[in-house]
Number of protein chains: 2
Amino acid sequence: MTSTESTRHRRRKEARPSELAAAALALFVEKGFAATRLDDVAARAGVSKGTLYLYFDSKEALFRAVIEDSVLPLIDAIEVKVAALKDDPVRLLRELLMEWWERFGSTLLGGTCKLMIAEAGNFPEVAAFFNEAVIGRWSTVLCGVIESGIEQGVFRPGSVETMRQLVFYPLLMQSVWQHSIAGCVAKRPMPENYFDTYFDFIFRGLLVAPEQEIQR
Amino acid sequence: MTSTESTRHRRRKEARPSELAAAALALFVEKGFAATRLDDVAARAGVSKGTLYLYFDSKEALFRAVIEDSVLPLIDAIEVKVAALKDDPVRLLRELLMEWWERFGSTLLGGTCKLMIAEAGNFPEVAAFFNEAVIGRWSTVLCGVIESGIEQGVFRPGSVETMRQLVFYPLLMQSVWQHSIAGCVAKRPMPENYFDTYFDFIFRGLLVAPEQEIQR
DNA sequence: GCTAACTAACTGACCGGCTAGTTAGTAAGT
DNA sequence: ACTTACTAACTAGCCGGTCAGTTAGTTAGC
């Protein structure tokens, strides 16, 4: 037995579920739910399809597990961060959005958004769960920051929900894009100063007095 | 033969392809490519699956046809409009975005974006075509308007491509959203004054002198 | 320490259902 | 009557899910 297949045939009950989930995440994101074969998932995790069924009841259960436990820890981490920086909405919003991008949007996890968008029609219950447990919590965080900015007189008053979308959707769309069509065409990378332009733009929309806040 | 099936068994060579394409569009948008059965497409168009194969060579050919000829006419129409309003970038951009929303984003056609996002990985050539023939042309139109605004000294200078994304992605994401997760949850409708907030926000990001332009 | 009896993680051949694609036949229109 | 749009029954093969059997690892007895 060579070293490269040292894990094959080995009994490793602890590691299997997460390895299978990781393999499934990658393939679901790449191909979508229906087009992903469980044989391929198992093969990518270095086991047989039978083993997969020792840990997951069905393809749909695997899907749920992938969505649930790949994403939830991230949301937990972000909610913690908010508590730390309460008084400075501008800086908090900026750091929150950058953190979302770095830890979620720009990684494989961003693909889960594309995946849910694509499969919501076929898995309404999973979509509802995702909507509540991920999107809802993240939206609440963002809205909270925006609202506190308004209350402090730093942001202009207005529909908080709409402002949340205007602030977040460019980033979300960027992530979704990277995980779909961007892979099929000669891609121009994100412009060097994308985030400068992005933050400049949204803070002009948000701030009461953009000129004095923005340049520092 | 009842009146409701009067078209059944009737020979209507002219009408079939577009009826089949319309049926396919609706089902593809709802279920995705892989999960849509051709029997269902044919049934929805009031014919049998065999008839479908008289007009389309394969499921993938049907997919291509749906994407291609449901979307291209719209882009044509929009490109014409731009020529008419050249001198007023603010009004032109506003009307362009509203028109995109009314004729595309808020209709079934908006679902094609979600569909392409979902299936790009499985149909790279179709995605490349869509990217060039639809996204590319539409982006060029938007970038042209923004650029002319900058040249006229009305919009602030900056990365045109990034500005295009910041302006358009909220609307695009809204459309994608409506065609996926929104259908699975108790949906709050779009806020009454969504577009007021939206235009206010993006023009603050774009304009050199927002205060004097915006209120009229 | 060595082996034998035991446990359970893992395998892969198999089955059944489902659906893309085919074709022999039917009937509408002329 | 002849053409051809259309139908419906069919086939082929793929894939989710199963299970009888295999083998890695563990414990007990000597």
Side-chain angles (χ1 to χ4, degrees), chain A residues 1-28 30-66 119 121-123 126, chain B residues 1-28 30-66 119 121-123 126:
Chain A
M1 188 183 286
T2 76
S3 62
T4 58
E5 26 180 61
S6 60
T7 62
R8 202 181 165 85
H9 272 251
R10 290 287 280 284
R11 293 154 50 107
R12 297 189 310 122
K13 187 179 183 175
E14 309 305 316
R16 298 299 188 204
S18 59
E19 288 173 4
L20 284 162
L25 172 62
L27 289 171
F28 283 153
E30 185 188 330
K31 299 171 181 295
F33 178 81
T36 296
R37 280 165 305 176
L38 294 185
D39 277 313
D40 290 347
V41 173
R44 181 184 259 250
V47 297
S48 69
K49 192 171 59 173
T51 300
L52 197 159
Y53 275 88
L54 294 176
Y55 298 106
F56 301 93
D57 288 342
S58 66
K59 193 181 186 184
E60 182 168 345
L62 175 63
F63 184 71
R64 295 182 81 106
V66 164
E119 302 294 346
N122 299 113
F123 301 98
V126 182
Chain B
M1 188 183 286
T2 76
S3 64
T4 58
E5 26 180 61
S6 61
T7 62
R8 202 179 166 87
H9 269 255
R10 289 286 282 284
R11 294 151 53 102
R12 298 190 308 122
K13 188 178 181 175
E14 311 305 316
R16 297 300 189 203
S18 59
E19 288 173 4
L20 284 162
L25 172 62
L27 289 171
F28 283 153
E30 186 189 330
K31 299 170 180 295
F33 178 81
T36 296
R37 281 166 304 173
L38 293 185
D39 276 312
D40 291 348
V41 173
R44 179 183 261 250
V47 297
S48 69
K49 192 171 58 172
T51 300
L52 197 159
Y53 275 88
L54 294 175
Y55 298 106
F56 301 96
D57 288 343
S58 66
K59 194 182 186 184
E60 182 168 345
L62 175 64
F63 184 72
R64 295 183 82 106
V66 164
E119 302 293 348
N122 299 113
F123 302 99
V126 182

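To find a chain, count down the sequence lines: A is the first, B the second, and so on, and within it residues start at 1. Since we're looking at a predicted model, the values are computed, not measured.
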Fill in the blank from the handout: By salt bridge (charged side-chain N to carboxylate O under 4.0 Å, His left out), B:K49 pairs with (sequence neighbours left out) B:D39

Practice task
Could you identify which residues of residues 49-60 of chain B place a heavy atom less than 4.0 Å from some atom of DNA chain C, listed by residue number, or say none?
Solution key: B:K49, B:Y53, B:S58, B:K59

Fill in the blank from the handout: Taken in chain and number order and not counting sequence neighbours, the residues that satisfy side chain to side chain contact (heavy atoms under 4.5 Å, CB included) with A:A26 are A:R44, A:L108

Handout entry: Distance, rounded to the nearest Å, where A:L20 contributes CG and C:dC10 contributes C1'
Key = 12 Å

Handout entry: Residue list, side chain to side chain contact (heavy atoms under 4.5 Å, CB included) with B:A22, at least two apart or on another chain
Key = none

Problem - DNA chain C contacts among residues 31-42 of chain B, heavy-atom distance under 4.0 Å - result: B:T36, B:R37, B:L38

Problem - For A:N122 against B:A35, the heavy-atom pair lying closest together - result: ND2-CB, 3.9 Å

Problem - B:A34: side chain to side chain contact (heavy atoms under 4.5 Å, CB included) partners, not counting sequence neighbours - result: A:A34

Problem - Any residue meeting side-chain hydrogen bond (donor to acceptor under 3.5 Å, both in side chains) with A:E19, in chain and number order, not counting sequence neighbours - result: A:R12

Exercise for the section: Kindly write out the residues that satisfy salt bridge (charged side-chain N to carboxylate O under 4.0 Å, His left out) with A:R37, not counting sequence neighbours, or none if the list is empty. Expected result: A:D40

Handout entry: With A:F123 via ring pair (Phe, Tyr, Trp, His ring centres under 6.0 Å) - residues at least two apart
Key = A:F33, A:F63

